[in-house]
Q: 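Once you've had a glance at the structure underneath, I'll fire off some questions.
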Amino acid sequence: MTHRISSAVASQLSVGVSRLNDAIKILRRRGPSQFQFWLIALLIGIVAGFAALFFRKAISALQAWAYGAPDVDYIHSFAAGLPWYILLAIPALGGLAAGVILHRFTPDGRVRSVADVIEGAALREGRVETRAGLGSALASLITLSTGGSTGREGPVVHLAGVFSTWVSDRIRADGITGRDLLGCAVAAAVSASFNAPIAGALFALEVILRHFAVHAFAPIVIASVAGTVINRLEYGDVTEFELVTPGALQFYVELPAFLMLGCVCGLVAVILMRSLFFTDKMMTNVQTAIGMPRWLRPALAGLILGVVAIWFPHIIGVGYETTVLALAGSLTLYQCVLFAIVKTAAVAITMGGRMGGGVFSPALMIGALTGLAFGVIATNVLPDVSGTHALYAFAGMGAVSAAVLGAPISTTLIVFELTGDWQIGLAVMVAVSMSTALASQMVDRSFFLTQLEKRDIHCAAGPQAYVLSLLRCGGVMRPLGDARNPSAAECAPLISQGNWVRAAASLEVAMPIFERTDLPYIPVLSGSGDDVGEQLGTLFHIDALKAYNRALIAAAEEEHS
């Protein structure tokens, strides 16, 4: 009897696996239908939500083990009582472990984060690096657990992108489908991290896809809700932060103060972003000058963080405890300014040392400190027409993070969802609008897009700036044997003058040659490096312009479909 039952179960499992393989083959051949696509979006949302949840809980568990803290939400208070050598050793050892992992899993020792997901959406048909992404997530987990002063959202977003990439590769998704699936994964990860379904969906659209196409909206919302449900099953329907004192905004009279706060927060955000870039460049120069192995760089950064943590344990981890104190108005003006400066330095050291983590949580903390400091001054100058200190802290939290992320819509909503208080909306919106408008003039729109610009990846200006990099000269040229091609004798002088391109080069290389010379065509050669190679064909200026135009039309159709 038992044997017959086992045989029946095995038979059913075999049939199920066979049908699943058949379904995958159909998806690969025909692509998913709309209903199938929504089911895939739901699956991705569930997996990305669990990934975010496990990442958060793993940080808490490892941090509690490393520091011996009974409650990691109050790690700063607990760490203040630890011996100095413990505070010094933990970040250094964590940095060493992160450095070894990144050395093994990445070709350049750089942590993958949100900027790489944006690049994947724009240039890689919704795909991100898998091996480097997994290594970055592990390194960031260790960093955040051992005193690194960054946030968890960047690694989680890229980790979710790794899974969506795996799914896209399995079903051979085209660019539009791959980008939509990537957006689903990001939305679920953000929603599960912060219990913010609306902001999670809009973050994926505003920051990652950078458009609000209707075809992407439904699956992204489905995935975002799935991620939120997973968060609430574990933590309940509660907000991350609580507005302790009522947000009594003195309407109209007090609005100029929030406009001024927005300008201040925009400048603070720019200082934060430029500090990160400056520190990364400085530490790279030091690493090159002394010949330091790249795996040792995070360990050095961790050692410096340990020294800072001896006097300022507030820099440890994401800074939840200090952020709560700022939002409650429980810090003095001196403490707010001092902690904001020290936190900015700590984040710059962590990211400049390439230890891992994201910038969103630090931006929330620095923004809350900035807002509270401004609020203390404002309410003391005009006490009769001022709201509470906490109200300014919440507005500052949204304003700095919005300017750093370049996401005014989703950041405004995420502040609402983190607090559950929709009455502070006017103050937050005014501050956010001013901070993003000011900061975007001083950087390439956001921290992430500026990161990409520094790598010569031009996503900030939109498809018209990066579409040329997607088109290869070999795919646009007229091959040898085409009757419309000029003769070899006509092409020879152009080759000798250096007016030619490689077949593997993008139109980004070819178009400046056409602009500079006014030539109607240039030869396309094989070879690499110093080897000129043989002529494979001819690239005509008109063909390059037509290809560019078709690519722009396709991008516009995707954004407006």
Side-chain angles (χ1 to χ4, degrees), residues 27-34 36-38 40-41 44 115-128 161 164-165 167-187 201-202 204-220 444-445 448-449 452-453 455-479 501 503-512 514-515 524 537 539-561:
L27 284 174
R28 286 180 173 180
R29 187 171 63 253
R30 302 179 183 175
S33 66
Q34 187 177 61
Q36 289 171 330
F37 182 72
W38 288 356
I40 295 172
I44 287 179
D116 301 277
V117 179
I118 296 173
E119 179 188 355
L123 306 181
R124 299 183 178 180
E125 297 191 329
R127 272 75 163 179
V128 300
S164 74
T165 297
V167 173
S168 294
D169 288 343
R170 297 289 81 72
I171 66 173
R172 297 178 184 173
D174 58 16
I176 296 177
T177 302
R179 283 185 283 272
D180 288 350
L181 292 178
L182 182 63
C184 292
V186 170
L202 290 178
L205 294 165
E206 185 179 21
V207 176
I208 304 302
L209 300 186
R210 305 185 69 227
H211 63 69
F212 293 88
V214 175
H215 69 83
F217 187 77
I220 285 176
D444 288 298
R445 302 202 179 184
F448 309 127
L449 294 176
L452 294 176
E453 284 293 330
R455 301 178 207 161
D456 290 326
I457 300 171
H458 311 296
C459 291
Q464 66 274 16
Y466 63 78
V467 156
L468 285 175
S469 67
L470 303 177
L471 303 172
R472 300 293 147 195
C473 295
V476 183
M477 72 177 186
R478 299 177 186 178
V501 290
S506 70
L507 291 188
E508 260 187 333
V509 177
M511 295 304 283
F514 286 124
E515 294 296 324
V524 180
L539 177 65
F540 280 75
H541 193 187
I542 187 64
D543 292 341
L545 290 175
K546 287 179 179 179
Y548 179 49
N549 188 52
R550 287 193 297 269
L552 287 179
I553 291 173
E557 288 177 346
E558 179 181 349
E559 292 181 9
H560 296 89
S561 61

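Every heavy atom of this structure was used, including side-chain atoms; hydrogens, water molecules and symmetry mates were not.
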Q: How long is the straight-line distance from OG of Ser164 back to CG of Leu181, given to the nearest 0.5 Å?
A: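 Leu181 atom CG to Ser164 atom OG measures 6.5 Å (nearest 0.5 Å).
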Q: Measuring from Cys459:SG to Glu119:CD, what's the distance to the nearest 0.5 Å?
A: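 CD of Glu119 is found 7.0 Å from SG of Cys459.
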Q: What I'd like to find out is whether the side chain of Arg124 reaches to under 4.5 Å of the side chain of Val128, using heavy atoms alone.
A: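 Side chain of Arg124 against side chain of Val128, heavy atoms only: no contact under 4.5 Å found.
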Q: Could you give the distance from CD1 (Ile118) to CD1 (Ile457), rounded to the nearest 0.5 Å?
A: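 Answer rounded to 0.5 Å: 10.5 Å.
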Q: So, do Leu539 and Phe514 sit near enough that their side-chain heavy atoms are less than 4.5 Å apart?
A: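 Yes; the side chains approach each other to less than 4.5 Å.
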Q: I'd like to check the salt bridge (Lys or Arg N to Asp or Glu O under 4.0 Å) partners of Arg445; sequence neighbours left out, ordered by chain and number.
A: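 If we apply the salt bridge (Lys or Arg N to Asp or Glu O under 4.0 Å) test to Arg445, skipping adjacent residues, there are no hits.
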Q: How far does CD of Glu125 sit from CG of Asp174, to the nearest 0.5 angstrom?
A: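 If I round to the nearest 0.5 Å, the distance is 7.5 Å.
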Q: Heavy-atom distance under 4.5 Å between the side chains of Leu209 and Val186, does that happen here?
A: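 Not in contact.
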Q: To the closest 0.5 Å, what do you measure between CG (Leu205) and CD1 (Ile220)?
A: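 One finds 4.0 Å between CG of Leu205 and CD1 of Ile220.
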Q: Looking at every heavy atom in both Ser168 and Arg127, which two are closest together, and how far apart are they?
A: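 Heavy atoms of Ser168 and Arg127 come nearest at O-NH2, 3.3 Å.
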Q: Please find the pair of heavy atoms, one from Leu507 and one from Cys473, that lie closest to each other, and give the distance.
A: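 Distance-wise, the nearest heavy atoms are CD2-SG, 4.0 Å.
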Q: For Tyr548, check ring pair (Phe, Tyr, Trp, His ring centres under 6.0 Å) against everything at least two apart and list the hits.
A: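 Listed in chain order: nothing, the list is empty.
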Q: Restricting to non-hydrogen atoms, name the atom on Pro463 and the atom on Ala555 that form the minimum distance, rounded to 0.1 Å.
A: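 For Pro463 and Ala555, the tightest heavy-atom pair comes out as CB-CB, 4.0 Å.
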Q: Any non-hydrogen side-chain atom of Leu468 less than 4.5 Å from a side-chain atom of Ser506?
A: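 They are not in side-chain contact.
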Q: Using the test salt bridge (Lys or Arg N to Asp or Glu O under 4.0 Å), find all partners of Glu558 that sit at least two apart in sequence or belong to another chain.
A: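 Glu558 satisfies salt bridge (Lys or Arg N to Asp or Glu O under 4.0 Å) with Arg179 only.
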Q: Please find the pair of heavy atoms, one from Ala465 and one from Glu508, that lie closest to each other, and give the distance.
A: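 So the two residues come closest at O-OE2, 4.0 Å.
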Q: Using the salt bridge (Lys or Arg N to Asp or Glu O under 4.0 Å) criterion, which residues pair with Asp444? Sequence neighbours excluded.
A: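 By the salt bridge (Lys or Arg N to Asp or Glu O under 4.0 Å) rule, Asp444 matches no residue at all.
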Q: If you look only at pairs with a residue in residues 209-218, which of them pass as a side chain to side chain donor-acceptor pair (under 3.5 Å), with sequence neighbours excluded?
A: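 As it turns out, the side chain to side chain donor-acceptor pair (under 3.5 Å) pairs with a partner in residues 209-218, which skip direct neighbours, are Asp180-His215, His215-Ser561.
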Q: I want to check something: taking the side chain as every heavy atom from C-beta on, are Ile40 and Ile171 in contact at a cut-off of under 4.5 Å?
A: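 When only atoms from C-beta onward are counted, Ile171 and Ile40 do touch, with a gap below 4.5 Å.
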Q: Which pair of non-hydrogen atoms, one from Ala556 and one from His560, has the smallest distance, and what is that distance?
A: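 Minimum heavy-atom separation between Ala556 and His560: O-ND1, 2.8 Å.
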Q: Going by the side chain to side chain donor-acceptor pair (under 3.5 Å) test, which pairs reach into residues 458-469, not counting sequence neighbours?
A: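 Residue pairs with at least one partner in residues 458-469: Glu453-His458.
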